[in-house]
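Here's the structure, in structure tokens; my notes come after.
Numbers for residues simply follow the sequence, beginning at 1. Predicted model, so just to flag it, every value in this text is computed and none were measured.
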Amino acid sequence: QVQLKESGGGLVQTGGSLRLSCAASGSTFSNDAMAWFRQAPGKEREFVGDITWSRGSTYYADSLKGRFTISRDNAKNTVYLQMNNLTPEDTAVYYCATRKYYSGRYISGNYQYWGQGTQVTVSS
């Protein structure tokens, strides 16, 4: 069993930054990848990016490259999502989730565990 807990959400003005954290507890494995998703009101859940625990390899949705950065601290079993130059379009609940690194990143069913989400609100 793996438990994931996001934190760091909040209210920020346009152009601001936030860093989200996802702390994993329980059994984590080197062949897992941790991903971030987001879901805005009335919209489908959207893949943000992911990172592998072992190598720290990252991958981002094209639309978010350059503004969002994912990193991890293996000693703390924590993954971070640094978000810069935020706009109101980034307002959403942000979730972390874990899957085997070799499974498709865009398929929600490939993720075994999800966090409860953290709200990010960007004001104009």
Side-chain angles (χ1 to χ4, degrees):
Q1 278 281 14
V2 175
Q3 296 80 43
L4 303 176
K5 183 171 179 59
E6 303 93 339
S7 61
L11 176 64
V12 64
Q13 292 185 334
T14 295
S17 298
L18 278 177
R19 189 177 81 156
L20 306 183
S21 300
C22 174
S25 58
S27 301
T28 58
F29 301 97
S30 61
N31 59 349
D32 288 353
M34 187 74 78
W36 287 96
F37 285 81
R38 67 183 185 181
Q39 187 165 21
K43 295 188 177 181
E44 293 187 355
R45 187 161 49 193
E46 175 188 18
F47 174 84
V48 172
D50 63 24
I51 188 167
T52 58
W53 280 114
S54 57
R55 294 189 174 186
S57 300
T58 55
Y59 181 90
Y60 300 95
D62 285 343
S63 61
L64 300 174
K65 284 181 182 177
R67 292 196 302 124
F68 288 17
T69 303
I70 299 174
S71 60
R72 91 256 192 254
D73 184 332
N74 290 52
K76 296 181 178 179
N77 272 2
T78 300
V79 170
Y80 303 98
L81 176 64
Q82 177 69 41
M83 305 184 293
N84 298 326
N85 195 21
L86 289 163
T87 73
E89 288 66 40
D90 296 312
T91 294
V93 177
Y94 285 71
Y95 300 89
C96 60
T98 186
R99 72 174 200 278
K100 298 304 178 187
Y101 78 92
Y102 46 77
S103 59
R105 54 175 47 95
Y106 292 103
I107 302 173
S108 295
N110 287 339
Y111 291 84
Q112 290 81 30
Y113 301 100
W114 293 79
Q116 85 288 351
T118 186
Q119 177 70 48
V120 171
T121 303
V122 185
S123 63
S124 58

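- With values rounded to the nearest 0.5 angstrom, Asn74 atom CG is found 4.0 Å from Arg72 atom CZ.
- Without hydrogens or angle criteria, Ser57 side chain to Thr52 main chain gives no donor-acceptor distance under 3.5 Å.
- Hydrophobic clustering, with ILVMFWY side chains joined whenever heavy atoms are under 4.5 angstrom apart, groups Val48 together with Val12.
- Taking every heavy atom of both residues into account, Trp53 and Val79 meet most closely at CH2-CG2, 3.6 Å.
- No path of Ile, Leu, Val, Met, Phe, Trp and Tyr side chains, each step under 4.5 Å between heavy atoms, connects Tyr113 with Phe47, placing them in separate hydrophobic clusters.
- Residues Ser17 and Met83 fail the side-chain proximity criterion, which asks for heavy atoms closer than 4.5 Å.
- In this pair, Tyr95 and Trp114 present their aromatic rings perpendicular. The plane angle is above 60°, beyond the 30 to 60° band.
- Residues Arg38 and Val93 form no side-chain contact, since every pair of their non-hydrogen atoms from C-beta on lies 4.5 Å or further apart.
- Val120 places none of its side-chain heavy atoms less than 4.5 Å from the side chain of Asp90.
- Other members of the cluster containing Tyr101 are Tyr102, with ILVMFWY side chains joined at under 4.5 Å, either directly or via other members.
- Identified under the side-chain hydrogen bond (donor to acceptor under 3.5 Å, both in side chains) test for residues 115-124, with sequence neighbours left out: Gln119-Thr121.
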Kindly determine whether Leu86 and Phe68 satisfy side-chain contact (heavy atoms from CB on, under 4.5 Å), including the steps that lead there. CA-CA 9 Å; Leu86 289 163; Phe68 288 17; 4.1 Å; yes
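- Counting all heavy atoms, side chain and backbone alike, Gly8 lies closest to Leu18 at O-CD2, 3.8 Å.
- Summarising the geometry of Gln39 relative to Lys43, their closest heavy-atom pair is NE2-O, 3.1 Å, with the distance given to 0.1 Å.
- Taken from CG in Leu20 to OG in Ser7, the straight-line distance is 7.5 Å, to the nearest 0.5 Å.
- How far CD1 of Ile51 is from SG of Cys22: 11.5 Å, rounded to the nearest 0.5 Å.
- In this structure, CG in Asn84 is found 12.0 Å from CG in Leu64, a value given to the nearest 0.5 Å.
- Under the 3.5 Å distance criterion, with hydrogens and angles disregarded, no donor-acceptor pair is assigned to the side chains of Asp73 and Thr78.
- Distance alone, capped at 3.5 Å, places no donor-acceptor pair between the Thr87 side chain and the Thr14 backbone.
- Using a cut-off of 4.0 Å between Lys/Arg side-chain N and Asp/Glu carboxylate O, Asp32 and Lys100 are scored as salt-bridged.
- Using a 4.5 Å cut-off on side-chain heavy atoms (C-beta onward), Glu46 and Ser63 make contact.
- Note on residues 48-79: no pairs pass disulfide bond (SG atoms under 2.5 Å apart), not counting sequence neighbours.
- Rounding to the nearest 0.5 angstrom, the gap separating the CG atom in Asp50 from the OG1 atom in Thr58 is 8.0 Å.
- Between the CG atom of Leu81 and the CE atom of Met34 there is a distance of 12.0 Å, given to the nearest 0.5 Å.
- Within the cation-pi definition used here (under 6.0 Å to the ring centroid, within 45° of the axis), Arg105 qualifies as a partner of Tyr59.
- Under the 30°/60° scheme for interplanar angles, the aromatic rings of Tyr111 and Phe37 are found to stand perpendicular.
- Relative to the six-membered ring of Trp36, Arg19 misses at least one condition, a distance below 6.0 Å or an angle of at most 45° to the axis.
- Panel note: side chain Glu6, backbone Cys96; a donor-acceptor pair is recorded below 3.5 Å.
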